[in-house]
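Take a look at the structure below.
This chain uses plain numbering: 1 for the first residue, then up along the sequence.
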Amino acid sequence: MRFSLSLTYLFSYNLLQFCGHTWIFANMTARFLSFGEDAQAGTFYFVGVMMGVCQLLSLLELFHIADGFEECRLFPRFMQVMERNVLLFLLISLEEFQSKPIVCVQFYLWNILGLLRYPHELFCLSGTPYFKMLWMHQTLSVPVYLLSAVTEGISIVHMLPCWSESEGTDSVQPSSPYIYSPFMLMAWLLLLVLGSSLTLLLLLKERKEILASWNNKLKKD
C-alpha cells in the first residue's frame, strides 16, 4: 500500500510539474510569436506566478531524495532548486529588473530543463523507461544547465547596481538589510560559481554511470 501511494504521489507530482512547465513554455512561445521582442518585457508578469509555483514545489524533490523516493545525488538537485528559488526571490523583490530580456532567457532555460526531465520521470514511473528520452535527459540537460547557471550569474551581476542604487531609498524596504546587501549578492554569486561547477561535474559523472548501466542491461537482454 505504501509503495502504491508513493508511486501515485510521485506520478502526480511529476505530471503537475510537466503540465506547469508546458503551460509556461507554450505561453511564452505564443507571446513571442505574436508580439516579437516586445513580449519579453511582460514575461514575468504573465508567467511569473506559475513559474514561482513550479519552483516552490520543486523544494519537495529534496525530501523525495532524502526519504528514498528517488535514487539520485542530493547535492546537484539541491543546487538547482536553490539557484532558481533564490533568483526568483530576488526578481520578485526587484520589480524594475523583471522586464529585462535576460529574465525571458532564464525562464526558457528553466523550462527546457523541466521538459527534458519530467517526461523522462513519468516514463520511468509508469514502468516503461524510454532510452531516447533517457539519453536526451542525461545529455542535453548538461549544456542547458550550464547555460542556465551562466545566465543566473549574469542576472545577479546586473542586479548589483540596482541594489546599490536602491540602498537608502524607499524603493526597497527589506525586513533585513543584510538579505538585500550587494555584498550578500556577491557572496551568493561566488557560491553559485562553486556550486554549479561541482554540480556540472556530478551531472557528467551521473550521466556516464546511468548510460553505462543502461548499455550493460541491453547487452544482457
Requested in this report: Specify the closest pair of heavy atoms between C54 and H21, including all atoms of both residues, with the distance to one decimal.
Outcome: CB-NE2, 4.1 Å
Query raised in the report: With a 3.5 Å cut-off and no angle check, do the side chains of S99 and Q40 form a donor-acceptor pair?
Result: no
Query raised in the report: Any side-chain heavy atom of I24 sitting closer than 4.5 Å to one from M28?
Result: yes
**Report entry** Whether H137 and H120 hold their rings parallel, tilted or perpendicular, with breakpoints at 30° and 60°
**Finding:** parallel
**Report entry** Steps toward side-chain contact (heavy atoms from CB on, under 4.5 Å) verdict (F75, I65)
**Finding:** CA-CA 10 Å; F75 182 80; I65 299 173; over 6 Å; no
Query raised in the report: Side chains of W110 and E83: donor-acceptor distance under 3.5 Å anywhere?
Result: no
Query - Verdict with reasoning, Y9 to L60, per side-chain contact (heavy atoms from CB on, under 4.5 Å) - result: CA-CA 11 Å; Y9 162 73; L60 294 173; 3.7 Å; yes
Report task. Can you see which heavy atom on W188 is nearest to which on I156, and at what distance? Result -> CD1-CD1, 3.2 Å
Query raised in the report: Looking at OG1 of T8 and CG of L15, how far apart are the two atoms once the value is rounded to the nearest 0.5 Å?
Result: 12.0 Å
Report task. Verify the cluster assignment for M186 and V193: are they in a single hydrophobic cluster under the rule of side-chain heavy atoms below 4.5 Å apart? Result -> no
Query raised in the report: Are the side chains of F69 and F63 in touch, meaning some heavy atoms are under 4.5 Å apart?
Result: no
Report task. Begin from the C-alpha positions of L87 and S155 and carry the test side-chain contact (heavy atoms from CB on, under 4.5 Å) through to its verdict. Result -> CA-CA 8 Å; L87 187 56; S155 298; 4.2 Å; yes
Report task. For the pair N27 (side chain) and W23 (backbone), establish whether a donor and an acceptor sit closer than 3.5 Å, ignoring hydrogens and angles. Result -> no
Report task. Would you indicate whether M133, at its atom CE, is surrounded by more than 12 heavy atoms from other residues, nucleotides or ligands within a distance under 6.0 Å? Result -> yes
Report task. Give the cluster check for L190 versus M79: same hydrophobic cluster or not, with ILVMFWY residues linked at side-chain heavy-atom distances below 4.5 Å. Result -> no
Requested in this report: Check whether any side-chain heavy atom of F107 lies under 4.5 Å from a side-chain heavy atom of L88, and answer yes or no.
Outcome: yes
Query raised in the report: Would you find more than 12 non-hydrogen atoms of other residues, nucleotides or ligands less than 6.0 Å from E209 atom CD?
Result: yes
Query raised in the report: Parallel, tilted or perpendicular: which describes the rings of Y13 and H64, with under 30° parallel and over 60° perpendicular?
Result: perpendicular
Query - Y118 OH to L16 CG distance, which is reported to the nearest 0.5 Å - result: 9.5 Å
Requested in this report: Any chance you could lay out the salt bridge (charged side-chain N to carboxylate O under 4.0 Å, His left out) test for E61 and R84, step after step, and finish with the verdict?
Outcome: CA-CA 13 Å; E61 297 175 15; R84 300 170 193 175; over 6 Å; no
Query raised in the report: Minimum heavy-atom separation for L113 to Y145, with atom names?
Result: CD2-N, 3.9 Å
Requested in this report: Nearest 0.5 Å please: distance from the CG atom of L125 over to the CG atom of N14.
Outcome: 5.5 Å
**Report entry** Cationic N near anionic O, under 4.0 Å, E70 to R117
**Finding:** yes
Query raised in the report: Side-chain heavy atoms under 4.5 angstrom apart, residues restricted to Ile, Leu, Val, Met, Phe, Trp, Tyr: same cluster for L185 and V150?
Result: yes
Report task. State, to 0.1 Å, how close L91 and Q98 come at their nearest heavy-atom pair, and which atoms those are. Result -> O-NE2, 2.8 Å
**Report entry** From CD (Q106) to CG (N111), nearest 0.5 Å
**Finding:** 10.5 Å
Query - Residue pair S58 / Q17: nearest heavy atoms and the distance that separates them - result: N-NE2, 3.6 Å
Query raised in the report: Can you hop from V157 to L94 via hydrophobic side chains spaced under 4.5 Å?
Result: yes
Report summary line: When rounded to the nearest 0.5 Å, the distance separating OG1 of T139 from CG of L203 is 11.5 Å
Query raised in the report: Any donor and acceptor pair, going by atom type alone, linking the side chain of S126 with main-chain N or O of F123 inside 3.5 Å?
Result: yes
Query - Spatial distance of atom CG (L122) from atom CG (L10) [nearest 0.5 Å] - result: 10.5 Å
**Report entry** Minimal non-hydrogen separation, I112 against F25, with atom names
**Finding:** CG1-CE1, 4.3 Å
Query raised in the report: Hey, are the side chains of H158 and K100 touching, using non-hydrogen atoms and a 4.5 Å cut-off?
Result: no
Requested in this report: Kindly check if the number of other-residue, nucleotide or ligand heavy atoms within 6.0 Å of CZ (F97) is above 12?
Outcome: yes
Query raised in the report: Does the side-chain contact (heavy atoms from CB on, under 4.5 Å) test come out yes or no for F32 and T43, once each step is laid out?
Result: CA-CA 9 Å; F32 183 78; T43 295; over 6 Å; no
Report task. State whether the side chain of S213 and the backbone N or O of I210 hold a donor-acceptor pair below 3.5 Å, judged by distance alone. Result -> no
Query raised in the report: Linking I/L/V/M/F/W/Y whenever any side-chain heavy atoms sit under 4.5 Å apart, do L202 and L116 land together?
Result: no
